[in-house]
Undergrad: 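My structure is below; once you've seen it, I'll send some questions.
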Amino acid sequence: MHDPKYLRDNSNLIRTSLGMRGQDVPWDVVQNLGDERRILTTEVEQLRHELKKGSDEVARLRRAKEPAEQAMAAMKGLGDRIKNVEDSLRKVEETLGDLALRIPNLPHQTVPVGSDASGNIEIRRWGTPSSLTVPAKPHWEIGEALGILDFDRAAKIAGARFAVLSGAGARMERALINYMLDLHTGSHGYREVLPPVMVNRKAMTGTGQLPKFEEDLFRLRDEDYFLIPTAEVPVTNLHREEILSEDSLPVRYTAYTPCFRREAGSYGKDTRGLIRLHQFNKVELVAFTAPDRSYEELERLTGHAESILQNLRLPYRVVTLCAGDMGFSAAKTYDIEVWLPSQGQYREISSCSNFESFQARRANIKYRPAGGKKDAKTEFVHTLNGSGLAVGRTLVAILENYQQPDGSVVIPDVLRPYMGGMERIALQPA
RNA sequence: GGAGAGGUGGCCGAGUGGCCGAAGGCAACGGUUUGCUAAACCGUCGUAGGGACAAAAUCUCUACCGAGGGUUCAAAUCCCUCCCUCUCCGCCA
């Protein structure tokens, strides 16, 4: 969400900066409602002032034991007038508020211009894709052959875009989760949290999933709860309606959660395998910083996510998303893409974003600058998050990059302690 | 799910119709005193919106006592609905 005052005075500037991203915003309506809101507010406040004065006069007369009927009669009806104007004001504010919540964040100056993924810019690569002698098999073939991935039974018990992991597959997923959490808490300074995976409407609005993207979410039938599409939602909202002290910043959390996405509109994409599921596991990194620190934090956080891939010896690259490819709430996003031999390309495995004050404003997360002086006015924090990493896709990358000509899969060194010393996944009869 | 109690500023807590944005305490911040610490004393100390000013400082108005409605000239205070917390009962991993 944007600063309402800034939005009112600079809607043209915002509109130009957003370009394509702001296409579906009814800018004229926003402008008119903003003006109307100001006029109605002034009117309500004047009427209230009058009422207050009148009521004080009644009170004064009563105390002085003087007749107050005339003063009371004069105020009669004023209350109704106020109610009428307030009704109009409330309607304007509701409409304006809803529209304002649907305006995306402004891209940072360093974000490249572009309308889709082709405008993204690669900024670095790590590792070298191995040249296999035989054609690389896709992970679902490897996994099904080894008896550790079962899509048929997943479809039976749930439906398309679900998976069952079993045996060493389930074990490796669990190993990855533990390894990631241990690294982030032990070496990178994050506090582990295990939040609810269902949240209310306010939380979803705070991080920007609502009101605009309700069709992407799973919602419960009998309660107004949603399944989280990412741990970003519950973890960022931990501090909703709070004022943090500057000394406590930066606040860094890591959380493992399952994530639930309807994937509406993605029919035909990645229909096979683990890449795009309705339910998947993710370890998330979330940070709250002072505004002048958020961009250095973005680099740090991205580096923390990268370190997992480096330790797993998985080749990857980092790209800066162009304005048109960024998510709704982000001001700047780095995607980390891992090499998938079967596809001969890099695929997203982490997305690290700085939201600046966009989410903080929606969720009302502030901090009080240190220094003690009276100029210590509260200010919105900056929020960031990134996957560290998407667990299922990491499993995919391991299966594909560590596949052997005999169909087995070698387990990366750092995971072996988490898998009881296992060094290789060979055929596992069910 | 049933019964009861309660939600007031960063925290605790007073306040049953007007003089209440709200006593008092704690915490915090500034200062005096002090060899240091502590104590004592003095002072400051909510958030948001509108207007005035080129802007900052400042001034001014309005709103906010869980949320939303109602009664009244006037609501933290009375009434209704909802949300949340706590206690007991039921159910339950």
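Residue numbering restarts at 1 for every chain, and letters A, B, ... go by the order of the sequence lines.
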Undergrad: State the pairing partner of B/C92; accept Watson-Crick or G-U wobble contacts with both distances under 3.5 Å, and report none otherwise.
TA: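 Base partner found: none.
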Undergrad: Which whole-number value in Å describes the distance from A/Ile243 CD1 to B/C29 C1'?
TA: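 Distance, rounded to whole Å: 16 Å.
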Undergrad: I'd like a table of atom pairs between the protein and nucleotides 91-93 of chain B - only N or O on both sides, under 3.5 Å - with the distance next to each one.
TA:
none

Undergrad: Return the value, rounded to whole Å, for the distance between atom CD of A/Gln70 and atom P of B/C73.
TA: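 Rounding to the nearest Å, CD of A/Gln70 and P of B/C73 are 16 Å apart.
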Undergrad: Tell me, which pairs form a ring pair (Phe, Tyr, Trp, His ring centres under 6.0 Å) where one or both residues lie in residues 5-56 of chain A, sequence neighbours left out?
TA: none
Undergrad: Is it true that a side-chain atom of A/Arg21 and a backbone atom of A/Gly324 form a donor plus acceptor pair closer than 3.5 Å?
TA: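 Such a contact is absent between A/Arg21 side chain and A/Gly324 backbone.
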Undergrad: Any ring pair (Phe, Tyr, Trp, His ring centres under 6.0 Å) pairs touching residues 58-89 of chain A, not counting sequence neighbours?
TA: none
Undergrad: Scan every strand shown for a Watson-Crick or G-U wobble partner of B/A23, both distances under 3.5 Å, and answer none if you come up empty.
TA: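 None - no nucleotide pairs with B/A23, as no candidate has both distances under 3.5 Å.
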Undergrad: Tell me, which pairs form a ring pair (Phe, Tyr, Trp, His ring centres under 6.0 Å) where one or both residues lie in residues 195-215 of chain A, sequence neighbours left out?
TA: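 Sorted result for residues 195-215 of chain A: A/Phe213-A/Phe328.
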Undergrad: Heavy atoms only, 4.0 Å cut-off, all strands: where does A/Met72 land among base, sugar-phosphate and nothing?
TA: base
Undergrad: Kindly indicate whether the side chain of A/Arg63 and the base of B/G18 share any N or O donor-acceptor pair separated by less than 3.5 Å?
TA: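 Side chain to base: no pair below 3.5 Å.
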Undergrad: With sequence neighbours left out, write down each residue that passes ring pair (Phe, Tyr, Trp, His ring centres under 6.0 Å) with A/His382, or none if nothing qualifies.
TA: none
Undergrad: Is there side-chain contact between A/Phe358 and A/His2, with heavy atoms separated by less than 4.5 Å?
TA: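 When only atoms from C-beta onward are counted, A/His2 and A/Phe358 do touch, with a gap below 4.5 Å.
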Undergrad: If you look only at pairs with a residue in residues 97-116 of chain A, which of them pass as a ring pair (Phe, Tyr, Trp, His ring centres under 6.0 Å), with sequence neighbours excluded?
TA: A/His108-A/Tyr295
Undergrad: If we call it a pair only when both distances are under 3.5 Å in a Watson-Crick or G-U wobble match, what pairs with B/G7?
TA: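 B/G7 is paired with B/C83.
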Undergrad: Does either side chain, that of A/Glu337 or that of A/Tyr316, offer a donor lying less than 3.5 Å from an acceptor on the other one?
TA: no
Undergrad: Going by heavy atoms closer than 4.0 Å, what residues in residues 193-210 of chain A are next to RNA chain B?
TA: none
Undergrad: Quantified in whole Å, what is the P atom distance between nucleotide B/A22 and nucleotide B/C64?
TA: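 After rounding to an integer number of Å, I get 14 Å for this pair.
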Undergrad: Take atom CG of A/Leu89 and atom P of B/C64, then tell me their distance rounded to the nearest Å.
TA: 13 Å
Undergrad: Can you name the residues that form a side-chain contact (heavy atoms from CB on, under 4.5 Å) with A/Leu210, not counting sequence neighbours?
TA: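 A/Leu210 satisfies side-chain contact (heavy atoms from CB on, under 4.5 Å) with A/Arg201, A/Met204, A/Thr205, A/Glu214, A/Leu217, A/Phe226 once adjacent residues are dropped.
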Undergrad: Among residues 46-59 of chain A, which ones have heavy-atom contacts with RNA chain B below 4.0 Å?
TA: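 A/Arg48, A/His49, A/Leu51, A/Lys52, A/Ser55, A/Val58, A/Ala59 - these, ordered by number, are the residues of the stretch whose heavy atoms sit under 4.0 Å from the strand.
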Undergrad: What pairs with A/Arg276 under salt bridge (Lys or Arg N to Asp or Glu O under 4.0 Å), at least two apart in sequence or on another chain?
TA: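 Salt bridge (Lys or Arg N to Asp or Glu O under 4.0 Å) list for A/Arg276, sorted by chain: A/Glu263, A/Asp270.
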Undergrad: Is the distance from OP1 or OP2 of B/A48 to the nearest side-chain N or O of A/Arg361 less than 4.0 Å?
TA: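 For B/A48, neither OP1 nor OP2 has a side-chain N or O of A/Arg361 closer than 4.0 Å.
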Undergrad: Could you go over nucleotides 50-54 of chain B and give all protein N or O partners under 3.5 Å, atom names and distances?
TA:
{"residue": "B/G50", "atom": "OP1", "partner": "A/Arg8", "partner atom": "NH1", "Å": "3.0"}
{"residue": "B/G50", "atom": "OP1", "partner": "A/Arg37", "partner atom": "NH2", "Å": "3.3"}
{"residue": "B/G50", "atom": "O2'", "partner": "A/Thr42", "partner atom": "OG1", "Å": "3.4"}
{"residue": "B/G51", "atom": "OP1", "partner": "A/Arg38", "partner atom": "NE", "Å": "3.4"}
{"residue": "B/G51", "atom": "OP1", "partner": "A/Arg38", "partner atom": "NH1", "Å": "2.8"}

Undergrad: For A/Phe280, which residues count as a ring pair (Phe, Tyr, Trp, His ring centres under 6.0 Å) partner, sequence neighbours excluded?
TA: none
